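Reminder, nothing fancy here: chain letters follow the sequence lines and each chain counts from 1. None of the values given here were measured: they were computed from a predicted structure.
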Amino acid sequence: MRREPSILHLDLDAFFAAVEQRDKPSLRGRPVVVGGTGGRGVVSTASYEARAFGARSAMPTAEARRLCPPGTAFLGGRFAAYRRTSEVVMALLRELSPLVEPVSIDEAYVDLAAGDHDLSVPGVTALAADLKARIAVATGGVTGSVGIGTSKAVAKIGSELDKPDGLTVVPPGEELAVLHPLPVRALGGVGPATAERLAQIGVKTIGDLHRLSLVDLTSLVGQAHGAGLYRLARADDDRPVVTDREAKSVSAEETFARDLTDPARLATEIEALAIRVGSRLQRSGTSGRTVTLKVRRYDFSTLTRSQTLAHAVDDPRQIAEIAHRLLGAVDRSGGLRLLGVGVSGLSPYAQGDLFAEPTEVVEPVEVVEPAELPADPEPGPAVVAWYPGQDVVHPDLGSGWVWGSGLNRVTVRFEGPRTTPGPVRTLAADDPDLQPADPPDWTP
DNA sequence: TCTGGGGTCCTAGGACCC
DNA sequence: TCTGGGGTCCTAGGACCC
């Protein structure tokens with residue numbers, strides 16, 4: 001725990017749904033559910049309007065459909081748009097400090113002590129308010145909740161306290177007063193199973209947890225977990241903000257619309273998964289020694305089978321061959337609902353070739369520097385609001401997304417053939433040919 | 001038309017080595 | 001003759017996170 005509130009946690013509010021509402025004005029103010037739209041889909045994100053009807057993350061989409069009224073939008077998701085919007089936000093965070101730890105596409109920690117900031121409570125409060133305003137402008141209205149405190153755990157809990165669009169600074173010395181009334185579930189690492197175990201001995205709040213001895217806690221939930229919770233209940237958390245971590249495993253899995261029994265179909269699916277995993281390994285210049293097959297049966301029982309090899313692999317054919325052999329040893333009667341293939345035990349460089357250089361991934365990009373363009377007159381009202389990351393279409397130039405925008409110009413990167421990034425073009429912001437793209441998969 | 005997909009970390013038992 | 005213990009690797013499963 002630090003003496004100053006120098007760790008910031010940002011959590012974007014209902015992020016996927018917020019991006020959809022930004023890009024499709026007709027969705028604003030209405031319930032929006034983003035996630036799997038098929039029969040076995042689950043909800044990734046529900047907008048706050050949808051949450052009012054009970055829709056929640058991880059809920060089966062079928063249940064969300066029952067809960068939400070007609071007119072609710074159920075969307076499959078546009079991950080490229082989310083990633084681009086996320087990058088805009090992460091770039092703003094990196095302006096605050098070089099120490100930014102993205103936790104996921106919509107969440108990050110920032111170590112403000114590594115930047116040049118006034119770390120008093122009023123100082124960081126003003127900083128957070130300014131950050132939130134800049135995020136809203138840069139993303140076209142996506143909001144985030146910020147928590148600031150003397151540790152990661154306190155910052156994270158702070159960001160949860162005032163959602164959405166929240167701002168909570170926990171002053172040094174007040175950590176326990178903030179933590180102790182909260183349910184144990186508020187602590188990172190306390191899920192349904194741990195909460196249930198704690199509830200059985202009458203522990204409901206973090207304050208209750210504080211009264212448990214280390215021995216009681218570890219005997220209840222295990223050595224590492226118990227020791228971790230013992231410290232968290234005391235706001236004793238010195239985990240650093242880490243900018244990038246090496247991946248430890250790469251995997252792909254698929255739930256089928258109907259359970260599969262046909263051996264040929266299963267073999268095809270394994271090959272497809274192995275190609276997804278292998279190509280990602282090759283793109284990142286890694287390979288791994290352990291191949292894992294995951295199987296979920298018709299009754300939702302789930303098992304894994306793995307094999308560790310003498311050498312690391314990244315070749316989809318080899319991965320598929322091992323996964324297929326592992327599948328041969330599991331009971332497939334009754335049908336399989338899901339198959340997954342993963343590779344772990346990763347090491348840099350492929351296939352045990354010690355002298356190979358990592359494959360350089362070259363993205364062909366043709367960029368027209370926006371700097372060559374005339375500057376915008378200042379100040380003045382924007383003609384049209386364009387937002388970085390926004391999907392757009394142009395009758396002659398095709399589909400693309402907004403790279404940057406000024407008061408009366410907009411820079412768009414148009415998609416090239418297939419997935420090759422196309423050229424960047426700058427257009428007048430009021431060009432009538434340029435239109436926001438409608439999000440696909442729109443089901444009223 | 002119940003329950004996704006991509007991860008991380010921990011535990012526990014057995015094999016094997018010293 | 002009898003009886004160890006520690007460390008590491010592998011496998012499988014489970015909890016948890018977003």
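In this structure, CG on A/Leu75 lies 11.0 Å from OG1 on A/Thr61, to the nearest 0.5 angstrom.
Across all strands shown, A/Thr194 has heavy atoms under 4.0 Å from sugar-phosphate atoms exclusively, and none from any base. Residue contacts shown for A/Gly191 are limited to sugar-phosphate atoms, with no base heavy atom under 4.0 Å away. As judged by a 4.0 angstrom heavy-atom cut-off over every strand, A/Leu293 is placed among residues making no nucleic acid contact. Among the protein residues, A/Gly342 comes within range of no part of the nucleic acid, since none of its heavy atoms lies under 4.0 Å from any strand. A/Leu303 comes within 4.0 angstrom of sugar-phosphate atoms only, judged by non-hydrogen atoms across all strands, and of no base. Among the protein residues, A/Ala58 comes within range of the nucleic acid bases, having at least one heavy atom under 4.0 Å from a base atom.
What separates CD of A/Glu63 from P of B/dG4 is a distance of 13 Å, to the nearest Å. Atom pair A/Phe300:CZ and B/dC2:P shows a separation of 12 Å (rounding to whole Å applied). Distance, A/Arg83 CZ to B/dG6 P: 13 Å, rounded to whole Å. A/Glu254 places its CD atom 10 Å from the C1' atom of B/dG5, with the value rounded to the nearest Å. Summarising the geometry, the separation between CZ on A/Phe256 and P on B/dT1 is reported as 16 Å, rounded to the nearest angstrom. Separating the CG atom of A/Leu273 from the C1' atom of B/dG5 is a distance of 11 Å, rounded to the nearest angstrom. Regarding A/Arg185, its CZ atom lies at a distance of 13 Å from the C1' atom of C/dC18, rounded to whole Å. Put simply, OH on A/Tyr82 is 16 Å from P on B/dG5, counting in whole angstrom units.
B/dC2 takes the syn form, because its glycosidic angle lies no more than 90° either side of 0.
Checking A/Val184, A/Thr194, A/Leu229 one by one against A/Val203, the side chain to side chain contact (heavy atoms under 4.5 Å, CB included) holds for a single residue, A/Val184.
Using a 4.0 Å cut-off between charged side-chain N and carboxylate O, A/Arg276 and A/Glu254 make a salt bridge. Contact check on A/Glu253 versus A/Lys294 returns a salt bridge, with a Lys/Arg side-chain nitrogen under 4.0 Å from an Asp/Glu carboxylate oxygen.
Cation-pi geometry between A/Arg258 and A/Phe256 is not met at under 6.0 angstrom from the ring centre and within 45 degrees of the axis. A cation-pi geometry, defined here as NZ or CZ lying under 6.0 Å from the six-membered ring centre and within 45° of its normal, holds between A/Arg234 and A/Tyr230. The cationic group of A/Arg296 lies under 6.0 Å from the six-membered ring centre of A/Phe300 and within 45° of the ring axis, placing it in a cation-pi geometry.
Ring-plane geometry between A/His9 and A/Tyr109 is classed as tilted, the angle between the planes lying from 30 to 60 degrees on a 0 to 90 degree scale.
Between B/dG5 and A/Arg276, no contact under 4.0 Å exists linking OP1 or OP2 to a side-chain N or O. Checking the phosphate oxygens (OP1, OP2) of B/dT3, a side-chain nitrogen or oxygen of A/Arg337 falls inside 4.0 Å. Between A/Lys156 and the phosphate of C/dC18, there is a side-chain N or O to OP1/OP2 separation shorter than 4.0 Å.
If A/Arg66 and A/Leu338 are placed on DNA chain B by their nearest nucleotide, the residue sitting closer to the 5' end is A/Arg66. Summary of the strand contacts: A/Arg289 and A/Arg305 both lie near DNA chain C, and taking for each the nucleotide with the nearest heavy atom, the more 5' one is attributed to A/Arg289.
With a cut-off of 3.5 Å on both Watson-Crick or G-U wobble distances, the partner of C/dT11 is given as B/dA12. Across all strands shown, B/dC18 forms a Watson-Crick or G-U wobble pair, both distances under 3.5 Å, with C/dG5.
Closest to the side chain of A/Arg296, from the set B/dG4, B/dG6, C/dC18, is B/dG4. Closest to the side chain of A/Ser104, out of C/dC18, B/dG5, B/dG4, is C/dC18.
Nucleotides B/dT3 and C/dC18, compared at atom P, are 23 Å apart to the nearest Å.
Of all heavy-atom pairs between A/Asp162 and A/Ser145, the closest is O-OG, 4.4 Å.
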Its contact letters, B for base, S for sugar-phosphate only and - for none at protein heavy atoms under 4.0 Å, make nucleotides 8-17 of chain B read SSSS------
